[in-house]
**Q** 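Pasting in a structure now, in structure tokens, and then I'll have a few things to ask.
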Amino acid sequence: MATVEQEPLSLPLVEGAKSYRDVTNDVARPLESFPTKLWWWAFGIAVALFGMLFFEIGNLFANGMGILGVNVPVSWGSFIITFVFWIGIGHAGTLISAILYIFRQQWRTAINRSAEAMTIFAVAAAGIFPVIHVGRVWYVLLWFPPIPNERGSLWPNFRSPLLWDLFAISTYLTISLVFWYLGLVPDIASVRDRIKESDWWQKTRKAVYSALSLGWVGSARSWAHYESTAMILAGLSAPLVLSVHSIVSFDFATSVIPGWHTTIFPPYFVAGAIFSGFGMVLTLLIIMREVFQLKEYITIKHLENMAKVVTLTGMIVGLAYTTEFFIAAYSGSPNEGFAFINRMFGPYWWSYWIMVSCNVISPQIFWFKKLRTNVYVLWIVSIFVNIGMWFERYVIVVTSLHRDYLPSSWDMYIMTIHDYLIMLGSFGLFFTLFLLFCRFLPTIAIAEIKTVIKSPDAARGYGRH
């Protein structure tokens with residue numbers, strides 16, 4: 001009699017019957033061995049792009065904003081587009097680390113560390129654009145003290161959402177950084193305890209990891225404090241997922257530009273940020289599991305769960321695109337109606353349809369289990385999502401600005417080679433930091449992953465590390 005093979009109801013979060021010792025060995029291996037050629041190639045390309053960013057910023061300071069494509073009326077160009085793109089990328093890290101932690105979702109354990117690191121590095125990449133956008137950065141110190149003039153002291157405009165951005169993003173970065181580092185402390189202690197001081201390099205490593213581990217000994221009292229602090233930080237971080245990109249959306253929504261002046265922007269931006277963040281997490285984790293041989297920890301189940309989140313948030317983003325058109329039509333405002341017709345069929349129609357194809361259509365293939373569990377398909381779609389979300393910001397900024405209320409001032413926006421190089425340079429900064437993180441710090445939360453496995457050697461009395 002033929003038997004029917006049935007798929008298990010619940011796939012394991014860690015494959016290969018790993019022991020606690022195996023987990024520590026596998027995660028610490030990239031830190032203790034010489035980097036692979038593939039890592040050196042990737043790091044070399046990233047550093048080259050990062051160096052190009054420095055050169056281009058120097059060129060910008062020397063020659064001024066005239067080397068960029070911004071003009072009148074498109075006074076916000078590639079800088080604000082790429083800034084909002086990177087801020088959005090940073091959202092998934094906070095979502096995975098904080099909200100999934102609060103709801104005790106165990107599938108986060110293999111991916112939260114890299115996602116949190118991604119948040120830090122994405123915000124760092126975003127942070128350069130408001131700074132270089134102002135032109136002569138060295139005058140920034142003059143903005144904060146009051147500047148005397150004949151009408152009294154001149155202060156920064158505290159009612160401007162651009163200033164709210166500064167406070168929101170700096171708070172977001174601070175909480176994310178502390179949360180990330182807190183989770184690293186027990187794992188850094190594990191790496192510290194494995195180092196044998198055989199030569200000067202190992203002695204140096206031991207000293208550095210000892211300092212970074214803050215004297216962690218793994219006592220029951222330490223773990224109790226650790227758990228309490230992690231929950232408090234998760235509670236503080238969760239509202240930031242909603243607040244940061246809502247405030248970024250106010251940069252646009254509080255204006256009277258057609259296509260921007262709409263109340264849907266806060267939820268629309270938040271959903272788009274989570275969507276783009278998960279797209280980038282998918283891109284990075286698929287590469288990481290291949291390069292560092294972590295397939296047994298970053299499993300198909302993890303990737304499938306992220307694909308489901310991408311599908312859900314992609315549909316919310318698609319709903320937001322449709323709602324924008326409905327609001328424009330229902331408002332009865334000819335200017336609003338024209339702005340959205342111009343998006344679909346105007347001179348930048350190609351950017352609009354790239355956005356829709358990548359963000360709305362491509363994730364729909366994840367309805368099929370065979371496709372959402374195929375690593376190659378997942379990676380290709382994640383790249384489409386990254387491209388589509390950059391174009392979403394391009395469409396919002398450019399199509400609304402280049403044709404406003406006054407037809408005589410209409411003009412086209414064309415990015416120059418310097419726009420492209422600075423944008424690529426920000427990717428160089430991001431990947432340089434991420435590759436250094438993969439080389440020197442545990443990319444998977446060793447302590448947390450041990451809580452979701454049943455170790456065969458636990459009963460034999462091996463230590464936690």
**Q** Strictly by modelled atom types, are Trp86 and Ser426 linked by a side-chain donor-acceptor pair under 3.5 Å?
**A** yes

**Q** Glu15: which residues meet the salt bridge (charged side-chain N to carboxylate O under 4.0 Å, His left out) condition with it, sequence neighbours left out?
**A** none

**Q** Considering residues at least two apart in sequence or located in another chain, which fulfil the ring pair (Phe, Tyr, Trp, His ring centres under 6.0 Å) criterion with Phe326?
**A** Tyr330

**Q** Using the rule side chain to side chain contact (heavy atoms under 4.5 Å, CB included), only one of Leu60, Ile422, Thr416 pairs with Ile67; which is it?
**A** Leu60

**Q** Only pairs at least two apart or in different chains count here, so list each side-chain hydrogen bond (donor to acceptor under 3.5 Å, both in side chains) that has a residue in residues 346-356.
**A** none

**Q** With sequence neighbours left out, write down each residue that passes ring pair (Phe, Tyr, Trp, His ring centres under 6.0 Å) with Phe366, or none if nothing qualifies.
**A** none

**Q** Per the side-chain hydrogen bond (donor to acceptor under 3.5 Å, both in side chains) rule, which among Asn342, Asp411, Asn71 passes with His402?
**A** Asn342

**Q** Which residue pairs pass the salt bridge (charged side-chain N to carboxylate O under 4.0 Å, His left out) test when at least one of the two sits in residues 242-260, sequence neighbours left out?
**A** none

**Q** For residues 263-279, which residue pairs qualify under salt bridge (charged side-chain N to carboxylate O under 4.0 Å, His left out), counting only residues two or more places apart or in two chains?
**A** none

**Q** Within a 6.0 Å radius of atom CZ on Phe43, are there more than 12 heavy atoms belonging to other residues, nucleotides or ligands?
**A** yes

**Q** How about CZ on Phe54, more than 12 heavy atoms from neighbouring residues, nucleotides or ligands closer than 6.0 Å, or not?
**A** no

**Q** Taking salt bridge (charged side-chain N to carboxylate O under 4.0 Å, His left out) as the cut-off, I'd like each qualifying pair that reaches into residues 371-383, sequence neighbours left out, listed once.
**A** Glu304-Arg372

**Q** Please evaluate residues Phe250 and Trp260 with respect to the criterion ring-ring contact (aromatic ring centres under 6.0 Å, His included), reporting the C-alpha separation (whole Å), side-chain torsions for both, the decisive distance (0.1 Å), and the verdict.
**A** CA-CA 9 Å; Phe250 291 163; Trp260 290 5; over 10 Å; no

**Q** Begin with the C-alpha distance, continue with both residues' side-chain angles, and end with the deciding distance and a verdict on side chain to side chain contact (heavy atoms under 4.5 Å, CB included) for Ser331 and Glu336.
**A** CA-CA 8 Å; Ser331 69; Glu336 285 289 329; 4.1 Å; yes

**Q** Output the distance between atom OG1 (Thr119) and atom CZ (Phe179), rounded to the nearest 0.5 Å.
**A** 11.0 Å

**Q** Does the side chain to side chain contact (heavy atoms under 4.5 Å, CB included) test come out yes or no for Tyr181 and Leu212, once each step is laid out?
**A** CA-CA 9 Å; Tyr181 185 67; Leu212 292 176; 4.0 Å; yes

**Q** Would you indicate whether Gln293, at its atom CD, is surrounded by more than 12 heavy atoms from other residues, nucleotides or ligands within a distance under 6.0 Å?
**A** no

**Q** With sequence neighbours left out, which residue pairs that include part of residues 305-332 fulfil the salt bridge (charged side-chain N to carboxylate O under 4.0 Å, His left out) condition?
**A** Glu324-Arg343

**Q** Taking salt bridge (charged side-chain N to carboxylate O under 4.0 Å, His left out) as the test, write out the residues that go with Glu296, two or more places apart.
**A** Lys18

**Q** Using atom types as modelled, flag every donor-acceptor pair under 3.5 Å from a side chain in residues 266-288 to any protein atom, sequence neighbours excluded.
**A**
| from | atom 1 | to | atom 2 | distance (Å) |
| --- | --- | --- | --- | --- |
| Ser276 | OG | Gly272 | O | 3.2 |
| Ser276 | OG | Ala273 | O | 3.0 |
| Thr283 | OG1 | Gly279 | O | 3.0 |
| Thr283 | OG1 | Ser382 | OG | 2.8 |
| Thr283 | OG1 | Asn386 | ND2 | 3.1 |

**Q** Which pairs would a plain distance check flag for residues 431-441, meaning a side-chain donor or acceptor within less than 3.5 Å of a matching protein atom at least two apart in sequence or in another chain?
**A**
| from | atom 1 | to | atom 2 | distance (Å) |
| --- | --- | --- | --- | --- |
| Thr432 | OG1 | Ala46 | O | 3.3 |
| Thr432 | OG1 | Gly428 | O | 2.6 |
| Arg439 | NH1 | Pro30 | O | 2.9 |
| Arg439 | NH1 | Leu31 | O | 3.4 |
| Arg439 | NH2 | Ser33 | O | 3.3 |

**Q** Can you tell me how the ring of Phe265 sits relative to the ring of Phe252, calling it parallel under 30°, perpendicular over 60° and tilted otherwise?
**A** perpendicular

**Q** Going from CZ on Phe338 to CG on Asp404, what distance comes out if it is rounded to the nearest 0.5 angstrom?
**A** 10.0 Å

**Q** My understanding is that only residues two or more places apart in sequence, or in another chain, count here; which of them pass salt bridge (charged side-chain N to carboxylate O under 4.0 Å, His left out) with Arg393?
**A** none

**Q** A quick test of your reading: do over 12 heavy atoms of other residues, nucleotides or ligands sit less than 6.0 Å from OH of Tyr405?
**A** yes

**Q** What verdict does the side chain to side chain contact (heavy atoms under 4.5 Å, CB included) test give for Glu392 and Tyr321, after you've listed the backbone C-alpha separation in whole Å, the side-chain angles of each residue and the deciding distance to 0.1 Å?
**A** CA-CA 10 Å; Glu392 180 191 286; Tyr321 295 161; 2.7 Å; yes

